[in-house]
Amino acid sequence: MKETLKKLVELQKIDSEKLDLKYKRQEVLDGLVADRNEYESLERRVADEKQRQQEIRDEGQRLNREQAVLETRASELKKRLDIVRNTAESQAVGREIVANENKMQEHFEKVDRQNSDLEESLQKLAMLQSQFFAKRAELADKLPGIKETLAAMDKEIKKVDTKRKALCSGIPS
């Protein structure tokens with residue numbers, strides 16, 4: 001009976017050892033999943049920032065087309081002003097010129113904001129890409145070690161299972 005109790009105590013130690021190994025293995029896997037999630041998050045943020053830059057560039061093209069229209073309108077108004085024969089007409093054209101100049105001023109402010117947004121986006125993208133590539137390199141360095149660690153832990157678990165089976169065979173049912 002004493003011998004059986006000793007074997008049962010040893011069996012509990014083996015089960016505890018196996019459980020510890022499984023927890024450690026799961027911690028390694030959880031760390032890998034967390035790293036992968038961080039990598040994927042950075043990848044999405046890089047893609048989002050590239051999309052934002054494209055939108056800013058599209059807005060810049062729209063602003064350039066708008067600027068061409070405003071400049072054409074200014075040129076037309078100046079020509080009209082040269083042709084005008086009376087004061088009332090001259091004042092009306094003058095008001096149109098002032099309104100067009102105001103629109104051009106607003107337009108230039110939009111262009112400045114757009115350029116500022118683009119510069120900010122370029123800096124943010126550079127930072128995100130730097131983080132992304134660093135994380136990718138880190139994962140590439142870690143992965144072989146993680147595979148080795150998991151393989152070693154799996155071997156240990158198999159050894160513990162073998163030890164457990166051998167011990168169980170000597171315990172009466």
Side-chain angles (χ1 to χ4, degrees), residues 19-158:
L19 195 58
D20 283 346
L21 286 169
K22 284 187 173 188
Y23 281 135
K24 288 177 184 176
R25 186 180 192 284
Q26 189 59 47
E27 285 176 359
V28 169
L29 291 174
D30 290 346
L32 184 60
V33 168
D35 283 342
R36 187 192 74 212
N37 290 343
E38 183 181 349
Y39 174 81
E40 289 172 351
S41 171
L42 285 167
E43 190 174 39
R44 281 190 302 275
R45 290 174 60 197
V46 165
D48 290 348
E49 198 58 37
K50 284 181 179 180
Q51 176 65 33
R52 181 171 176 258
Q53 274 186 21
Q54 186 58 48
E55 290 168 1
I56 292 170
R57 286 188 174 104
D58 291 346
E59 175 68 6
Q61 290 174 350
R62 188 192 66 73
L63 288 172
N64 287 338
R65 289 188 301 271
E66 186 178 304
Q67 181 176 346
V69 169
L70 289 170
E71 287 172 351
T72 302
R73 178 78 176 134
S75 176
E76 290 170 358
L77 288 170
K78 286 178 185 175
K79 286 178 187 176
R80 246 177 81 198
L81 188 59
D82 291 341
I83 298 172
V84 172
R85 307 244 184 251
N86 64 44
T87 306
E89 246 185 296
S90 173
Q91 288 175 345
V93 171
R95 285 190 298 272
E96 285 184 59
I97 289 174
V98 169
N100 193 62
E101 287 173 349
N102 288 340
K103 284 182 185 177
M104 286 182 80
Q105 182 61 38
E106 290 173 15
H107 172 77
F108 291 135
E109 290 170 4
K110 287 179 187 176
V111 169
D112 284 345
R113 280 193 303 273
Q114 185 263 342
N115 287 335
S116 174
D117 288 349
L118 183 58
E119 183 60 35
E120 177 186 313
S121 179
L122 288 169
Q123 290 173 357
K124 185 174 180 181
L125 180 62
M127 178 199 63
L128 287 171
Q129 284 179 325
S130 173
Q131 290 173 349
F132 173 76
F133 292 130
K135 189 63 172 179
R136 185 167 63 183
E138 176 188 334
L139 287 174
D141 288 345
K142 271 186 178 181
L143 195 57
I146 289 173
K147 285 180 180 179
E148 289 174 12
T149 301
L150 290 175
M153 287 180 165
D154 287 341
K155 281 182 183 177
E156 280 296 314
I157 290 171
K158 284 181 184 178

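For reference, positions follow the sequence shown, starting with 1.
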Given side chains that start at C-beta, do those of R45 and E49 come closer than 4.5 Å, heavy atoms only? no
Run the salt-bridge test on E27 and K24 with the 4.0 Å N-O cut-off and return the result as yes or no. no
Below 4.5 Å, heavy atoms only, C-beta onward: do R25 and K22 meet side chain to side chain? no
Sequence neighbours excluded - salt bridge (Lys or Arg N to Asp or Glu O under 4.0 Å) pairs with any residue from residues 57-74: E59-R62, R62-E66, R73-E96
Return yes if some donor-acceptor pair links the side-chain N/O of Q53 with the main-chain N/O of S121 below 3.5 Å, else return no. yes
Quick note, ring pair (Phe, Tyr, Trp, His ring centres under 6.0 Å) partners involving residues 54-104, not counting sequence neighbours, are none
Run M127 and Q131 through side-chain contact (heavy atoms from CB on, under 4.5 Å) and show every step you take. CA-CA 6 Å; M127 178 199 63; Q131 290 173 349; 4.1 Å; yes
Inter-residue atom distance L125.CG - S130.OG, 0.5 Å rounding: 11.0 Å
Mind checking the CD-CG spacing from E43 to D48? Nearest 0.5 Å is all I need. 11.0 Å
For the pair E120 and K124, find out whether any cationic side-chain nitrogen is under 4.0 Å from an anionic carboxylate oxygen. no
I'd like to check the ring-ring contact (aromatic ring centres under 6.0 Å, His included) partners of F133; sequence neighbours left out, ordered by chain and number. none
Could you give the distance from CG (D82) to CG (L77), rounded to the nearest 0.5 Å? 11.0 Å
Restricting to pairs with a member in residues 39-67, which pass ring pair (Phe, Tyr, Trp, His ring centres under 6.0 Å), not counting sequence neighbours? Y39-F132
Per the salt bridge (Lys or Arg N to Asp or Glu O under 4.0 Å) rule, what does the pair list look like for residues 97-114, sequence neighbours excluded? none
Measure the CG-CZ distance between D35 and R136 for me, rounded to the nearest 0.5 Å. 15.0 Å
Side-chain donor-acceptor pair under 3.5 Å between E119 and N115, yes or no? no
Taking the side chain as every heavy atom from C-beta outward, state whether R80 and I83 have any pair of such atoms under 4.5 Å apart. no
Would you say the side chain of L143 lies within less than 4.5 Å of the side chain of L32, judging by non-hydrogen atoms? yes
Treating T149 as the side-chain partner and G145 as the backbone partner, does any N or O pair qualify as donor plus acceptor under 3.5 Å? yes
So, taking the atom named CD in E156 and the one named NZ in K158, what distance separates them when rounded to the nearest 0.5 Å? 12.0 Å
Minimum heavy-atom separation for I146 to V28, with atom names? CG2-CG1, 3.8 Å
Contacts of N102 meeting side chain to side chain contact (heavy atoms under 4.5 Å, CB included) (sequence neighbours excluded), chain-then-number -> V98
So CG of L150 and CD of Q26: to nearest 0.5 Å the spacing works out to 10.0 Å
Locate the shortest heavy-atom distance separating I56 from Q114; write the atom from each residue and the value. O-NE2, 2.9 Å
